[in-house]
Amino acid sequence: MTDKPSQPIIEFSNVTKRFGTLTVLDDFNFKVAKGEKVTLIGPSGSGKSTVLRILMTLEPFQEGRLALAGMSYHEPNGKGPFKASEKHLHQIRSHIGMVFQSFNLFPHMTVLRNVVEAPVRVLGLPRGEAECRAVDLLAMVGLADKKDHYPSQLSGGQQQRVAIARALAMRPRVLLFDEPTSALDPQLVGEVLSVIRGLAHEHDLTMLLVTHEMRFAREVSDRVCFFDKGRICEQGEPNAIFGAPKEERTREFLQSVLS
Ligand SMILES: Nc1ncnc2c1ncn2[C@@H]1O[C@H](COP(=O)(O)OP(=O)(O)OP(=O)(O)O)[C@@H](O)[C@H]1O
């Protein structure tokens with residue numbers, strides 16, 4: 001890999017993205033450091049998902065530059081909407097895992113096969129090894145006992161946890177979450193949040209989350225970015241943005257009174 005410790009793992013430089021006459025990202029600049037956990041919050045239609053879709057190479061952009069771990073999305077003399085070869089884009093994608101709002105599991109495959117297929121087909125991992133890893137990951141998300149079930153036999157929260165295990169099976173360096181709990185009943189949000197909160201302790205894993213859940217922003221991220229009309233209008237540490245948690249404020253108050 002080509003990234004140096006000081007180099008951001010994600011770097012949008014003056015990116016403009018249009019859908020026809022609609023400008024969704026306008027001269028967009030955004031950097032994420034290796035291992036950083038960043039939440040994007042903003043009004044519906046402001047372009048948050050588009051940021052993730054561009055990173056995943058699901059959407060091309062018109063102007064500016066984008067790099068992941070030092071790899072530019074455009075190659076010299078490259079072709080197609082990204083001006084890059086499919087091999088180059090595939091290499092970039094191999095470092096990214098994405099978790100979608102609607103889980104996107106394969107309905108005709110068991111939970112285990114859902115987690116095993118991509119490492120076998122895309123990374124060329126021997127099936128036995130991929131299965132061992134999948135079993136470990138399913139245990140990590142609390143679903144070891146569901147490996148032989150089909151997605152339709154699981155709750156939404158359980159399906160989303162399988163989707164997280166599937167994304168992790170590719171050993172991504174960057175994990176993208178596009179509103180991972182917005183399709184869930186409120187009582188199922190907590191179990192997904194707790195898995196994502198656990199992942200936030202992985203120092204090397206960079207996480208970029210789009211969410212309407214303030215709990216994610218507060219409990220999972222190092223930095224919260226408020227996004228509006230294709231730009232980041234405010235950003236900072238969760239405590240600076242939302243105010244320190246009550247206990248912390250009380251402790252600070254008592255210290256100031258006692259000192
Ligand atoms: N494929 C597309 N073709 C045309 N317009 C699109 C396309 N995808 C997104 N848009 C438009 O781009 C704008 C940004 O969409 P995007 O999904 O990134 O917003 P968002 O901030 O993630 O919204 P939400 O919170 O509702 O998911 C919206 O106005 C949307 O209608």
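The figures that follow rest on heavy atoms only: side chains count, while hydrogens, waters and symmetry mates do not. We count ligands from 1, going down the list as the structure has it; atoms in each ligand are counted the same way.
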**OP:** Measure up the Tyr73 and Phe82 rings against each other and bin them: parallel (under 30°), tilted (30 to 60°), perpendicular (over 60°).
**Re:**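 Tilted.
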Original post:
Listed by chain and number, what are the side chain to side chain donor-acceptor pair (under 3.5 Å) partners of Asn14, not counting sequence neighbours?
Top reply: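 With sequence neighbours excluded, Asn14 shows a side chain to side chain donor-acceptor pair (under 3.5 Å) to Asp27, given in chain and number order.
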Can you tell me the protein heavy atom closest to [atom] and the distance?
| atom | value |
| --- | --- |
| atom 8 (N) of ligand 1 | Phe19 CZ, 3.3 Å |
| atom 17 (O) of ligand 1 | Ser49 CB, 3.7 Å |
| atom 26 (O) of ligand 1 | Ser44 OG, 2.6 Å |
| atom 19 (O) of ligand 1 | Gly47 N, 3.3 Å |
| atom 14 (C) of ligand 1 | Gly45 O, 3.4 Å |
| atom 25 (O) of ligand 1 | Lys48 NZ, 2.8 Å |

Numbered atoms and elements of ligand 1 in range of [X], under 4.0 angstrom, heavy atoms:
| X | result |
| --- | --- |
| Thr50 | 14 (C), 15 (O), 16 (P), 18 (O) |
| Val24 | 12 (O), 13 (C), 14 (C) |
| Ser46 | 19 (O), 20 (P), 21 (O) |
| Pro43 | 21 (O) |
| Glu179 | 24 (P), 25 (O), 27 (O) |
| Leu22 | 11 (C), 12 (O), 29 (O) |
| His212 | 25 (O) |

Subject >> Inter-residue atom distance Glu86.CD - Thr57.OG1, 0.5 Å rounding >> reply: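 Answer rounded to 0.5 Å: 7.0 Å.
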Subject >> Main-chain N/O of Lys83 paired with His88 side-chain donor or acceptor, under 3.5 Å >> reply: no
Original post:
Counting only N and O atoms by type, is there a donor-acceptor contact under 3.5 Å from the side chain of Glu129 to the main-chain atoms of Pro126?
Top reply: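 Not confirmed, Glu129 side chain does not pair with Pro126 backbone.
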Subject >> Residues Arg113 and Glu131 bridged, charged N to O under 4.0 Å >> reply: no
Original post:
Are any of the side-chain nitrogens in Arg121 or Glu117 under 4.0 Å away from the carboxylate oxygens of its partner?
Top reply: yes
**OP:** Please identify each residue that fulfils side chain to side chain contact (heavy atoms under 4.5 Å, CB included) with Tyr150, with sequence neighbours left out.
**Re:** Thr110, Ser152, Gln153
Subject >> N or O contact, Gly42 vs ligand 1, cut-off under 3.5 Å >> reply: no
Subject >> Residues Leu208, Phe30; criterion side chain to side chain contact (heavy atoms under 4.5 Å, CB included); working and verdict >> reply: CA-CA 12 Å; Leu208 183 55; Phe30 180 51; 3.9 Å; yes
Original post:
Do any non-hydrogen protein atoms sit less than 4.0 Å from atom 30 (C) of ligand 1?
Top reply: no
Subject >> Identified side-chain contact (heavy atoms from CB on, under 4.5 Å) partner of Phe28 from the options Thr16, Val51, Thr50 >> reply: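 So, applying the side-chain contact (heavy atoms from CB on, under 4.5 Å) to Phe28 and each of Thr16, Val51, Thr50, only Val51 qualifies.
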